[in-house]
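For clarity, every value in this text was computed on a predicted model and none was experimentally measured. Values reported hereafter were calculated over all heavy atoms of this structure, with side chains retained and with hydrogens, waters and symmetry mates removed. The sequence lines fix the lettering, A, B, ..., with proteins before strands; numbering per chain opens at 1.
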2 protein chains.
Amino acid sequence: MNEIDHATEAAWTALMTKSRVLLEAVESSLKSAGYPPLAWYDALLELEKAGPDGLRPFELKDRILLPQYGTSRLLDRMVKAGLVDRRDCSEDGRGQNISISEKGKSVRRAMWPIYERVLSERIGAKLKPKDAAQLATLLSRL
Amino acid sequence: MNEIDHATEAAWTALMTKSRVLLEAVESSLKSAGYPPLAWYDALLELEKAGPDGLRPFELKDRILLPQYGTSRLLDRMVKAGLVDRRDCSEDGRGQNISISEKGKSVRRAMWPIYERVLSERIGAKLKPKDAAQLATLLSRL
DNA sequence: TATATATAGATGCAAATGCATCGACATATG
DNA sequence: CATATGTCGATGCATTTGCATCTATATATA
């Protein structure tokens, strides 16, 4: 079985178009408010959720869907910006533990209202909660 | 009004995650079959739909959601690969007309089965047409 | 017509990404 | 223990992206 149906194609097209447009809206709001890109937010959030021990880079990469080298370099930049701390891992000589710094927490907190506003304007205002939930359910099946 | 509801957040998260995973699946299938990235397919398709006169770069950019400089450079590469023709525009001295070449048509045609297979496996097999249509409808409201 | 403003497309430079590979340490196998 | 294999994370190099700006032509305005 192959030969895709019209609905599949429409779903795919809408998925690509809307995800790009919304992502672009979020990124540009963050940038024009002087904040780092969304990927930084995602990483900060995961690290904050992980608590004081933080995460190993390989764990983080799985959560933020970034390739290994991408994660390595993202962490370079975030360390340099003082948003996260990187220390050698005691249990594994190859590894590291990454944790969010106080500055990292405060940047993440400051980014949220900007981020949230876009989501609220572009999704919340367009779909009733029930419809948004339905959308999430359909997507989760992919 | 602000403060987003849980369903909005779930929809956003699922939208970002799934669109990235699916896009990655398409890109990697194309690449491992020796074909160019999806953006090339999109451009070729738009040019093919536009017929023999082709499109002006500024028209193409609106259809494929690429920034002006991105489109300019994508066209550089596609011209170099012989997939499109670029000629000066007679009605507007600043502009160009871009049209798909025979080689471009054949590459696009060859890419489609690869592309289609991924969509069929990852969307068609997971959502009944009615659900896919519902997904497309919900997305279209964003 | 002369001048100002706007639009089409290209490009230099810096930053980010992708790919392949490396070095270091860990774990399995003889 | 010694060696082979696997995993963690970094990095050199080429490609791509983003930003700002440029040139050229078109259009509007005085």
Side-chain angles (χ1 to χ4, degrees), chain A residues 20 23-43 46-47 53-81 83-99, chain B residues 20 23-43 46-47 50 53-81 84-99:
Chain A
R20 284 176 66 179
L23 180 58
E24 162 68 22
V26 170
E27 294 286 18
S28 91
S29 286
L30 288 173
K31 170 169 298 198
S32 68
Y35 289 112
L38 188 55
W40 291 42
Y41 184 92
D42 292 339
E46 291 302 331
L47 291 168
D53 288 346
L55 294 173
R56 301 282 301 271
F58 75 92
E59 296 173 307
L60 181 61
K61 111 182 138 24
D62 292 337
R63 300 177 199 208
I64 62 181
L65 299 182
L66 234 50
Q68 182 271 320
Y69 58 80
T71 304
S72 174
R73 279 156 171 165
L74 173 61
L75 289 173
D76 287 346
R77 288 173 233 138
M78 291 175 67
V79 167
K80 197 155 83 172
L83 305 188
V84 305
D85 297 318
R86 196 187 227 161
R87 64 213 120 66
D88 287 346
C89 176
S90 49
E91 310 94 53
D92 187 333
R94 297 165 300 183
Q96 311 168 345
N97 286 295
I98 308 293
S99 52
Chain B
R20 284 178 66 179
L23 180 58
E24 163 67 20
V26 170
E27 294 285 19
S28 90
S29 285
L30 289 173
K31 170 167 299 197
S32 65
Y35 290 112
L38 188 56
W40 291 43
Y41 184 92
D42 291 339
E46 290 302 330
L47 290 169
D53 288 347
L55 293 173
R56 301 283 299 272
F58 76 90
E59 295 172 308
L60 181 61
K61 112 182 139 22
D62 292 337
R63 298 176 202 211
I64 61 180
L65 300 181
L66 236 49
Q68 181 272 321
Y69 58 82
T71 304
S72 173
R73 281 158 169 161
L74 174 61
L75 290 173
D76 288 346
R77 290 173 230 138
M78 291 175 68
V79 167
K80 198 154 83 171
V84 305
D85 297 318
R86 195 187 228 159
R87 64 214 122 62
D88 287 346
C89 177
S90 50
E91 309 93 55
D92 186 332
R94 297 165 300 182
Q96 312 167 345
N97 285 296
I98 308 292
S99 52

Quick check: do A:Asp92 and A:Arg56 have side-chain heavy atoms less than 4.5 Å from each other? yes

Would a 4.5 Å heavy-atom cut-off, applied to side chains only, mark A:Leu30 and A:Pro37 as touching? no

Between [atom2] on [N] and [atom1] on [X], what's the gap in Å once rounded to a whole number?
X	N	atom1	atom2	answer
B:Arg77	D:dA14	CZ	C1'	13 Å
A:Glu91	C:dT27	CD	P	11 Å
A:Met78	C:dA15	CE	C1'	17 Å
A:Leu23	D:dT17	CG	P	15 Å
A:Leu74	C:dG18	CG	C1'	16 Å
B:Glu24	C:dT17	CD	C1'	13 Å
A:Leu66	C:dG18	CG	C1'	12 Å
B:Leu38	D:dT16	CG	C1'	16 Å

Nucleotides 5-11 of chain D: protein proximity per nucleotide (B base, S sugar-phosphate only, - neither; heavy atom, under 4.0 Å): -BBSBBB

Is a side-chain donor or acceptor of B:Ser72 paired with a backbone partner of B:Gln68 at a separation under 3.5 angstrom?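 No, B:Ser72 side chain to B:Gln68 backbone: no donor-acceptor pair under 3.5 Å.
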
Look only at the side chain of B:Arg20 and the backbone of A:Leu65, and say whether a donor-acceptor pair between them is shorter than 3.5 Å. yes

Side chain to side chain contact (heavy atoms under 4.5 Å, CB included) assessment of A:Leu47 paired with A:Leu55: CA-CA 6 Å; A:Leu47 291 168; A:Leu55 294 173; 3.9 Å; yes

Do any side-chain nitrogens or oxygens of A:Lys31 fall under 4.0 Å of OP1 or OP2 in D:dC19?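 Yes.
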
Reckon A:Gly70 touches a base, only the sugar-phosphate, or nothing at all at heavy-atom distances under 4.0 Å? nothing

Answer yes or no: is there an ion pair linking B:Arg63 with B:Asp42, defined by an N-O contact shorter than 4.0 Å? no

